[in-house]
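Ligands are counted one by one from 1 in listed order, and the atoms in each one are counted from 1 as well. Given the structure is predicted, the values throughout are model-derived calculations rather than measurements.
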Amino acid sequence: MEIDVFTLFPEWFAWFTAQRHVGNALADGVRLACVNYREHTPLSAGQVDDTPFGGGAGMLLRVDVVESALRARYGVDPVELPRRRRVIALAPSGRLLDDALVDELAGEGALTLLCGRYEGFDERIVEHFASEEVSIGRYVLSGGELAAMVLCDALLRKRPGALGDERSSAEESFSASLGGDPEYPHYTRPAEHRGWRVPEVLLSGHHERIAQWRRERSRERAERLRGSVGR
Ligand code: ADE
């Protein structure tokens, strides 16, 4: 899998790629490259952004700058790109990232992630160069970089072998095998701490009862989540 991240802050990704699970994915054939918009700007003094027409706060990433960076990377008119690979603009108003979308993206051979900065993108970038907008939550970050890392982290842990145990990612929160529900609670040693006992069933060695207990706890958590939505 190839992931290209377009950003004004490629150095942020040095920390991310230095983490062991990311390093393992990179050693196992994932290629993650950063492209700095600023290195491709056709404007003087490294300008990449500008004030919004019609007024308003903040700065927007310019369409000519993003076009130039995409052209330099792929050697084609970037309006062609969404037909060749998924080009994702990270933006607070995009499709919310969830387990189903992560699964979908993990199946792609190549991804392009566009990080916005300041107030975000000139809308023509999204309209003409991107296949979609993706959000990691309904709040505004100062840029798409952390969102890109969240997306990559969620993708990379789906890769076979990434977690050292194939079952770990198959049966985790919101996966199809849990019917989209959150995962059940986990416990490890000691079996008792300050009088807080691990549920007896988990110590019973009775696989069916354990599986049933886990399904019930998972459903309970889903109920609780549904109850808290909108609060
Ligand atoms: N850029 C700024 N805020 C964002 C968010 N919540 N999700 C994705 N990209 C963003």
Side-chain angles (χ1 to χ4, degrees), residues 1-17 19 22 25 30 32-41 47-67 69-70 73 78 81-82 85-108 110-158 173-174 180 182 225 228-231:
M1 178 178 213
E2 285 181 23
I3 307 174
D4 289 334
V5 183
F6 287 70
T7 169
L8 289 171
F9 298 96
E11 64 279 5
W12 288 30
F13 291 83
W15 169 82
F16 180 65
T17 53
Q19 306 312 307
V22 182
V30 174
L32 184 96
C34 287
V35 178
N36 190 341
Y37 296 117
R38 208 177 292 282
E39 283 175 12
H40 300 282
T41 175
Q47 190 189 348
V48 290
D49 57 351
D50 225 317
T51 52
F53 283 124
M59 302 289 273
L60 299 172
L61 210 51
R62 286 177 55 131
V63 63
D64 47 356
V65 171
V66 174
E67 167 156 349
L70 288 167
R73 180 72 178 171
L81 273 180
R85 57 197 287 142
R86 272 176 90 165
V87 181
I88 294 173
L90 292 151
S93 54
R95 174 177 168 189
L96 273 182
L97 186 67
D98 61 9
D99 194 66
L101 180 54
V102 173
D103 267 341
E104 203 181 300
L105 297 176
E108 297 286 330
L111 285 181
T112 297
L113 306 181
L114 304 178
C115 302
R117 263 277 130 185
Y118 320 115
E119 275 305 293
F121 302 98
D122 180 304
E123 189 60 21
R124 291 166 292 184
I125 297 167
V126 175
E127 213 174 298
H128 299 290
F129 305 152
S131 15
E132 65 219 274
E133 287 177 285
V134 169
S135 168
I136 63 162
R138 297 290 182 239
Y139 43 81
V140 183
L141 299 165
S142 53
E145 284 75 13
L146 290 172
M149 286 185 231
V150 166
L151 196 161
C152 288
D153 191 279
L155 277 184
L156 296 181
R157 58 181 283 120
K158 295 273 184 187
S173 287
F174 316 114
L225 267 187
S228 65
V229 167
R231 248 189 225 165

Can you give the donor-acceptor pairs under 3.5 Å from side chains of residues 140-151 to other protein atoms, not counting sequence neighbours?
unit_1: E145; atom_1: OE1; unit_2: R117; atom_2: NE; d: 3.3
unit_1: E145; atom_1: OE1; unit_2: R117; atom_2: NH2; d: 3.1
unit_1: E145; atom_1: OE2; unit_2: T7; atom_2: OG1; d: 2.7

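Not counting sequence neighbours, D153 has no partner by the salt bridge (Lys or Arg N to Asp or Glu O under 4.0 Å) test. Checked against ring-ring contact (aromatic ring centres under 6.0 Å, His included), F9 has the following partners two or more places apart in sequence or in another chain: W12.
To the nearest 0.5 angstrom, E133 atom CD is 12.0 Å from L96 atom CG.
A side-chain donor-acceptor contact under 3.5 Å links R85 to the backbone of L111. Remark: the backbone N or O of Q47 is not paired with any side-chain donor or acceptor of R38 at under 3.5 angstrom.
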At less than 3.5 Å, what protein N or O atoms come close to the N or O atoms of ligand 1? Include the distances to 0.1 Å.
unit_1: ligand 1; atom_1: 3 (N); unit_2: L141; atom_2: N; d: 2.9
unit_1: ligand 1; atom_1: 6 (N); unit_2: G137; atom_2: O; d: 3.0
unit_1: ligand 1; atom_1: 6 (N); unit_2: Y139; atom_2: O; d: 2.8
unit_1: ligand 1; atom_1: 7 (N); unit_2: I136; atom_2: N; d: 3.0
unit_1: ligand 1; atom_1: 9 (N); unit_2: A91; atom_2: N; d: 3.2

